[in-house]
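I have placed the structure first, in the form of structure tokens, so that the comments after it can refer back to it.
Here is the naming used below: chain letters follow the sequence lines, and residue numbers restart at 1 for every chain.
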Protein chains: 2
Amino acid sequence: MTTAEKTPRRTRARRGEGEKLKESILEAAEALLIETGDAESVSIRAVAERVGVTPPSIYLHFTDKDELIFAVCEKHFAELHRIMTEATSEASDPLDALRRMGRAYVAFGVNNPEQYRITFMGRTPHSVDEGHTERLLSNSGFSYLVDVVKSCLDAGHFVPGDPLMIAIDLWVTVHGITSLFIAKPEFPWPDKEELIEHILDTQLTGLLRDGESGA
Amino acid sequence: MTTAEKTPRRTRARRGEGEKLKESILEAAEALLIETGDAESVSIRAVAERVGVTPPSIYLHFTDKDELIFAVCEKHFAELHRIMTEATSEASDPLDALRRMGRAYVAFGVNNPEQYRITFMGRTPHSVDEGHTERLLSNSGFSYLVDVVKSCLDAGHFVPGDPLMIAIDLWVTVHGITSLFIAKPEFPWPDKEELIEHILDTQLTGLLRDGESGA
DNA sequence: TGTACATCAGTGAACGCGCGTTCACTGATGTAC
DNA sequence: TGTACATCAGTGAACGCGCGTTCACTGATGTAC
């Protein structure tokens, strides 16, 4: 039984403070996403109910549903970006940084499966498409990943190659694990931590200059 | 404008030939999936319309919608299995076989994006869950992949390791490419063929015994 | 210090839609006698 | 060879649901005079 949870009617904002509702709407959308674990449940009506407001008032702040979902995705990108940079703060060298980023990426996905689903596994609404990719490239930590790969190349860790190509390789790999963990939780996975290390090992070993150690 | 395409009413099956409709329903569901490129469009009503029959008659052959989707997934698994084994028919050795399987897997996903989405990227309906995993393990080509990996180990191509772990590595990698190609078509991918080769190269190089050549 | 008024932040009711599913039924088809 | 009858393969109409969105409105709040 999903408790009906009648949210009390929200008290109307003061003049000039209309933007506060926008913030609440985003929070409610996010909360619904996490609680129900289902992007389908994030409907205009459900969000409005959650905030304690009528559905039409959503339209005072978002032109339509796509724009709301778009805004939610924004937050995920920002969060992922933060996590990627944070992960490297204690890294001893660029190679170690890559490992830490890989682990942090998978952890982010596993801990926020619905956000990850929407952002990287779902059908992208057309209206969202436009700025989406640029953001993915510039703000989600991807460009940062490219930078770290460049550092590895400069430091002579890797066999020379195109940093963009290598970065995509790494992204593809961590996305592969993350998305399968999310999509197939009932698969008889071996120990997940071990699996992550194994894949990162294999991938990085494949990139290393002969004689370098992956560990 | 999606042409309404009024399918003429289907002529009723003879006695004892009721199963024919079941076949038609499956075909229609598959066709709708491919044409609309959207799993959401595969509704009981749309399928019925397509077959030229009323919605309730679907229930003569499937207890509910989940069972219909389940049956559609079955077909995808069988197809993928076929493709995996076929891909290796001309392989010169197990290592070459792995490469061919990888390429064929990605090609299957890219050419059948909606099927791939449902099978490997989507939320699994609970009713589908049950036999799903066993089928994934035994019939989708996964167990075959494990066998080929074992051959590589036996032939001394790879550094010794757990064949299951290595097989999962490889699956994760090709799934990573495939699912990102499908989910992010607007991403500025470099040449896709080249990317596939690069990733397979890197992955296999990471697994190879020193001195073996990946090419 | 009081009041008319524009503005802002919402509300309430309704629109039309497609969905999965149920239920009582119909009418052609084959079989038994 | 003819006919009653059970069975099979469907139909037609309706159920209740939640959805995104629109439209005319209301009523509190701050401001100008």
Rounded to the nearest Å, what distance is computed from the [atom1] atom of residue [X] to the [atom2] atom of nucleotide [N]?
X	N	atom1	atom2	answer
A:Leu21	C:dG10	CG	C1'	9 Å
A:His61	C:dG10	NE2	C1'	9 Å
B:Leu60	D:dG12	CG	C1'	14 Å
A:Arg9	C:dT11	CZ	C1'	7 Å
A:Ile58	C:dT11	CD1	C1'	13 Å

* Would you give a per-nucleotide map of nucleotides 27-33 of chain C, 5' to 3', where B means the base has a protein non-hydrogen atom under 4.0 Å away, S means only the sugar-phosphate does, and - means neither? => B-BB---

* Structure fact -> Per-nt protein contacts along nucleotides 14-24 of chain D (heavy atom under 4.0 Å; B base, S backbone sugar-phosphate only, - none) come out as B----BBBBB-

Without placing hydrogens or testing angles, list every side-chain donor-acceptor pair under 3.5 Å for residues 100-108 of chain B, not counting sequence neighbours.
{"unit_1": "B:Arg100", "atom_1": "NE", "unit_2": "B:Asp96", "atom_2": "OD2", "d": "2.9"}
{"unit_1": "B:Arg103", "atom_1": "NE", "unit_2": "B:Glu197", "atom_2": "OE2", "d": "2.6"}
{"unit_1": "B:Arg103", "atom_1": "NH2", "unit_2": "B:Glu197", "atom_2": "OE1", "d": "3.3"}
{"unit_1": "B:Tyr105", "atom_1": "OH", "unit_2": "B:Tyr116", "atom_2": "OH", "d": "2.7"}
{"unit_1": "B:Tyr105", "atom_1": "OH", "unit_2": "B:Trp171", "atom_2": "NE1", "d": "3.1"}

Could I get the full list of side-chain hydrogen bond (donor to acceptor under 3.5 Å, both in side chains) partners for [X], not counting sequence neighbours?
X	answer
B:Glu74	B:Arg135
B:Arg12	none
A:Tyr144	A:Thr88
A:His198	B:Asp169

What residues form a salt bridge (charged side-chain N to carboxylate O under 4.0 Å, His left out) with [X], not counting sequence neighbours?
X	result
A:Glu114	A:Arg117, B:Arg123
B:Glu86	B:Arg82
A:Glu17	A:Lys20

* Does a donor on one side chain and an acceptor on the other come within less than 3.5 Å for B:His76 and B:Glu30? -> yes

* Phosphate-side-chain proximity, B:Ser57 and D:dT11, N/O vs OP1/OP2 below 4.0 Å ->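 Looking at the OP1 and OP2 atoms of D:dT11, one of them is under 4.0 Å from a side-chain N or O of B:Ser57.
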
* To do: Sort out for me which residue in A:Leu204, A:Thr173, A:Val174 forms a side-chain contact (heavy atoms from CB on, under 4.5 Å) with A:Ile199.
  => A:Thr173

* Apply ring-ring contact (aromatic ring centres under 6.0 Å, His included) to A:Phe62 and list each qualifying residue two or more places apart in sequence or on a separate chain. =>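 Partners of A:Phe62 by the ring-ring contact (aromatic ring centres under 6.0 Å, His included) criterion come out as none, since no residue qualifies.
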
* **Strand DNA chain D as a dot-bracket string - pairs counted if Watson-Crick or G-U with both distances under 3.5 Å, | where the partner lies in another strand** => .||||||||||||||||||||||||||||||||

